[in-house]
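All remarks here apply to the structure that follows.
Chain letters run A, B, ... following the sequence lines, proteins first and then strands; every chain starts at 1.
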2 protein chains.
Amino acid sequence: MSTNPLLKGTLHTIILKLLEGNNRMYGYEITQKVKEASEGGIMLTEGALYPALHKLQAEGLLKATVEIVDGRARKYYQLTGHGGKEATDKINEAQAFIDQLQNILNIKPAVK
Amino acid sequence: MSTNPLLKGTLHTIILKLLEGNNRMYGYEITQKVKEASEGGIMLTEGALYPALHKLQAEGLLKATVEIVDGRARKYYQLTGHGGKEATDKINEAQAFIDQLQNILNIKPAVK
DNA sequence: ATTATATATATAATAAACTTAGGTATATAA
DNA sequence: TTATATACCTAAGTTTATTATATATATAAT
């Protein structure tokens, strides 16, 4: 799988956005949704995802409940009240950053 | 100044893009251009910028020449041949990533 | 039966890329 | 003479990722 240095810093925002739209999700489900929505372009690694989920939970933005489904344990995450506000803020920040980055990347080369 | 974790990974691409459009630039000039193009939203820190320039030079993507202007030393950077090709690739990758991220961040919340 | 793949979570070692803080130095405006 | 702008640089520490490994069940293929 390709390394993706551009992904740095956006993982928390992606998680919060998905949980804003889906009420509750589990880790593996998040990896699949991201893969699907990015048409395979963004593949979350477990080593990045699970620590990120744990951190967001430790910060009080997410709460988790474990359920057994088809004989396997699933850990569902959902936004807390505080997490919901943070989600809105982080998504707005990310959008602003993307817009600014577009402004830079779209600067037309000077005609020689 | 606000910390901007989203910036991670995009700095090299920003530098290459600016040099693709401007033939040659010096470090301080790059910080000002980025600040201007992002309307103050993206402020490069020297601690990130200068090591990045040195790394790109060490990789053979940039070459540098020092000039004294108004009594102060300026280090001008420009793309090498190889750097030009890398610039094109990195910018395309960044654009693809931004598009994929947009797809994720634009996913509409499910109607409850 | 057994092997491979998909589902599902987790952590440790390592590496990359940043922030923060400090240092050096000149020109100019207050 | 003090502050601000210009101009470069590096070191220490932090954050955030990759890579590798571990555990475990369900299901499809051989």
_Could you tell me the Watson-Crick or G-U partner of dT30(D), where both distances fall under 3.5 Å? Say none if there is no partner._
dA1(C)
*Can you check the His12(A) NE2 to dC18(C) P distance for me, whole Å?*
17 Å
*Lys35(A) NZ - dA8(C) C1' separation (whole Å)*: 15 Å
*asked:* Tell me the interatomic distance from Leu62(A), atom CG, to dT9(C), atom P, rounded to whole angstroms.
replied: 13 Å
*Is any side-chain heavy atom of Arg74(B) closer than 4.5 Å to a side-chain heavy atom of Val66(B)?*
no
*Gln32(A) CD - dT9(C) C1' separation (whole Å)*: 14 Å
*Hey, which of these two, Gly71(B) or Ala48(A), hits DNA chain C nearer its 5' end, going by closest nucleotide?*
Ala48(A)
*Between P of dT7(C) and NZ of Lys33(A), the distance in whole Å*: 14 Å
*Just checking Glu46(B): base, sugar-phosphate only, or nothing, at a heavy-atom cut-off of under 4.0 Å?*
base
_Any donor-acceptor pair under 3.5 Å from Ser38(A) side chain to Gln100(B) backbone_ = no
*Should dA30(C) form a Watson-Crick or G-U wobble pair with both distances under 3.5 Å, which nucleotide is its partner?*
dT1(D)
*With Lys63(B), which of Gln78(B), Gln57(B), Arg24(B) fulfils side chain to side chain contact (heavy atoms under 4.5 Å, CB included)?*
Gln78(B)
*Is there a side-chain polar atom (N or O) of His54(A) under 4.0 Å from OP1 or OP2 of dT9(C)?*
no
*Under 3.5 Å, side chain of Thr13(A) to main-chain N/O of Ile91(A), donor-acceptor pair present?*
no
_Lys75(A) side chain near dA10(C) phosphate (N/O to OP1/OP2, under 4.0 Å)_ = yes
*Just by distance, do the side chain of Glu29(B) and the backbone of Tyr26(B) share a donor-acceptor pair under 3.5 Å?*
yes
*Among dT6(D), dT9(C), dT10(D), find the nucleotide with the atom closest to the side chain of Tyr50(B).*
dT10(D)
*Looking at every strand, decide which applies to Arg72(B) at a 4.0 Å heavy-atom threshold: base, sugar-phosphate, or nothing.*
base
_For atom CE of Met25(B) and atom C1' of dC8(D), their distance in whole Å_ = 16 Å
*Residue Tyr28(B), side-chain heavy atoms: nucleotide from dT10(D), dA26(D), dT6(D) that is nearest*: dT6(D)
*With a non-hydrogen cut-off below 4.0 angstrom, is Gly27(B) in contact with a base, only sugar-phosphate, or nothing?*
sugar-phosphate
*Kindly say if Lys55(A) contacts the phosphate of dT16(D), meaning a side-chain N or O under 4.0 Å from OP1 or OP2.*
yes
_Taking 4.0 Å as the cut-off, does a side-chain nitrogen or oxygen of Tyr26(B) come that near to OP1 or OP2 on dA7(D)?_
yes
*asked:* Closer than 3.5 angstrom, by distance alone: can the side chain of Lys17(A) be matched with the main-chain N or O of Leu105(B) as a donor-acceptor pair?
replied: yes
*Taking the nucleotide of DNA chain D with the closest heavy atom to each, which residue, Leu49(A) or Tyr77(B), is nearer the 5' end?*
Tyr77(B)
*Considering only dC8(D), dT11(C), dT18(D), which nucleotide approaches the side chain of Thr45(A) most closely?*
dT18(D)
*Nearest-nucleotide comparison on DNA chain C, the residue closer to the 5′ end among Pro51(A) and Ala73(A)*: Ala73(A)
*Specify the separation, in whole Å, of atom CD of Glu67(B) and atom P of dC8(D).*
12 Å
*asked:* From CD of Glu36(B) over to P of dT6(D), roughly how many Å is that when rounded to an integer?
replied: 12 Å
